[in-house]
Amino acid sequence: ATVACTRQGARVGKGKGYGEVEYGILREIGLVNESTPVATVVHEVQIVKETLLPSVSLSCHDLPVDIICSPNSVVRTKTTIPKPRGIYWELISDVMMNDIGALKELRSLKPS
C-alpha cells in the first residue's frame, strides 16, 4: 500500500517492507525486471511535492512507481529512480520470514 508518492515516482508505504519484498521475490525468480511498470492507486492528497518526499531520501529497497492512478488523474512518472534488484536478505526480519512462505523457500535454494 502506498502512503504517499510524488509525480517523479518516489513512493513510501507503511514502513513494513512487505510490498518491496513481494517485488523482490518476483525479481529474484525472473518474473519482473527494471522495465516492468509498477503502478499504485492513491487519493489525490497522497500525491505530494518532491520537497516532502525527495527521491534522494529513498533506500535501495524502496520501490518507485511508474504509474499513479487517482480518482482525478493517471500520471506516468517517467521515473529514473532505480528499482530494487531483488531481495535484500539482510533486511528480512524473522517475522517477515515466517509470514511469507516464498521467502523461506527461496532462502533454502540460495547457496550458503
Side-chain angles (χ1 to χ4, degrees):
T2 297
V3 173
C5 60
T6 68
R7 294 179 182 278
Q8 292 75 31
R11 175 203 159 274
V12 290
K14 295 178 182 176
K16 300 291 184 182
Y18 282 82
E20 287 83 353
V21 168
E22 291 168 359
Y23 177 86
I25 291 169
L26 294 174
R27 188 84 184 242
E28 291 271 337
I29 62 176
L31 293 178
V32 299
N33 60 39
E34 184 71 27
S35 65
T36 304
V38 174
T40 192
V41 178
V42 297
H43 189 279
E44 292 293 328
V45 300
Q46 292 171 272
I47 303 173
V48 300
K49 294 185 183 305
E50 188 174 27
T51 54
L52 292 175
L53 179 57
S55 59
V56 295
S57 68
L58 300 180
S59 298
C60 63
H61 64 276
D62 288 323
L63 183 60
V65 293
D66 301 291
I67 304 165
I68 303 167
C69 300
S70 72
N72 299 325
S73 63
V74 174
V75 176
R76 294 196 178 271
T77 67
K78 298 184 176 135
T79 189
T80 58
I81 304 166
K83 293 177 181 154
R85 297 184 184 274
I87 299 168
Y88 294 88
W89 292 103
E90 66 277 9
L91 301 176
I92 302 297
S93 68
D94 291 340
V95 171
M96 190 176 281
M97 186 66 84
N98 288 326
D99 283 351
I100 304 174
L103 281 175
K104 287 182 189 176
E105 188 163 339
L106 280 173
R107 185 62 162 188
S108 72
L109 298 174
K110 290 267 181 208
S112 302

When clusters are formed by joining ILVMFWY residues with side-chain heavy atoms under 4.5 Å apart, either directly or through shared neighbours, do [X] and [Y] land in the same one?
| X | Y | value |
| --- | --- | --- |
| Val45 | Ile47 | no |
| Tyr88 | Leu109 | no |
| Met97 | Leu26 | yes |
| Val41 | Val74 | no |
| Leu52 | Val56 | no |

Hey, are the side chains of [X] and [Y] touching, using non-hydrogen atoms and a 4.5 Å cut-off?
| X | Y | value |
| --- | --- | --- |
| Arg11 | Asp62 | no |
| Leu91 | Val21 | no |
| Asp66 | Lys83 | yes |
| Arg107 | Lys104 | no |

So, for [X] and [Y], which heavy atoms are closest and what is the spacing to 0.1 Å?
| X | Y | value |
| --- | --- | --- |
| Tyr23 | Val38 | CE1-CG2, 4.1 Å |
| Cys5 | Ile68 | SG-CD1, 3.7 Å |
| Ala4 | Leu53 | O-CD2, 3.8 Å |
| Ile100 | Tyr18 | CD1-CD2, 3.6 Å |
| Ile81 | Ala10 | CD1-N, 3.5 Å |
| Leu63 | Pro84 | CD1-CD, 3.7 Å |

Measure from the side-chain N and O atoms of [X] to the backbone N and O of [Y], and report whether any donor-acceptor pair falls under 3.5 Å.
| X | Y | answer |
| --- | --- | --- |
| Glu22 | Gly19 | no |
| Thr6 | Val48 | no |
| Ser73 | Ser70 | no |

*Can you tell me how far NZ of Lys78 sits from CZ of Arg7, rounded to the nearest 0.5 angstrom?*
12.5 Å
_Spatial distance of atom CG (Leu106) from atom CD1 (Ile29) [nearest 0.5 Å]_ = 6.5 Å
_Can you confirm whether Asn98 is buried at CG, in the sense that more than 12 heavy atoms of other residues, nucleotides or ligands lie under 6.0 Å from that atom?_
yes
_Enclosure of Glu44 CD (heavy-atom neighbours >12, cutoff 6.0 Å)_ = yes
*Thinking salt bridges, do Arg27 and Glu34 make one under a 4.0 Å N-O criterion?*
yes
*asked:* Set out, in order, the CA-CA distance, both residues' side-chain angles and the distance that settles side chain to side chain contact (heavy atoms under 4.5 Å, CB included) for Leu103 and Ile25, then state yes or no.
replied: CA-CA 7 Å; Leu103 281 175; Ile25 291 169; 4.2 Å; yes
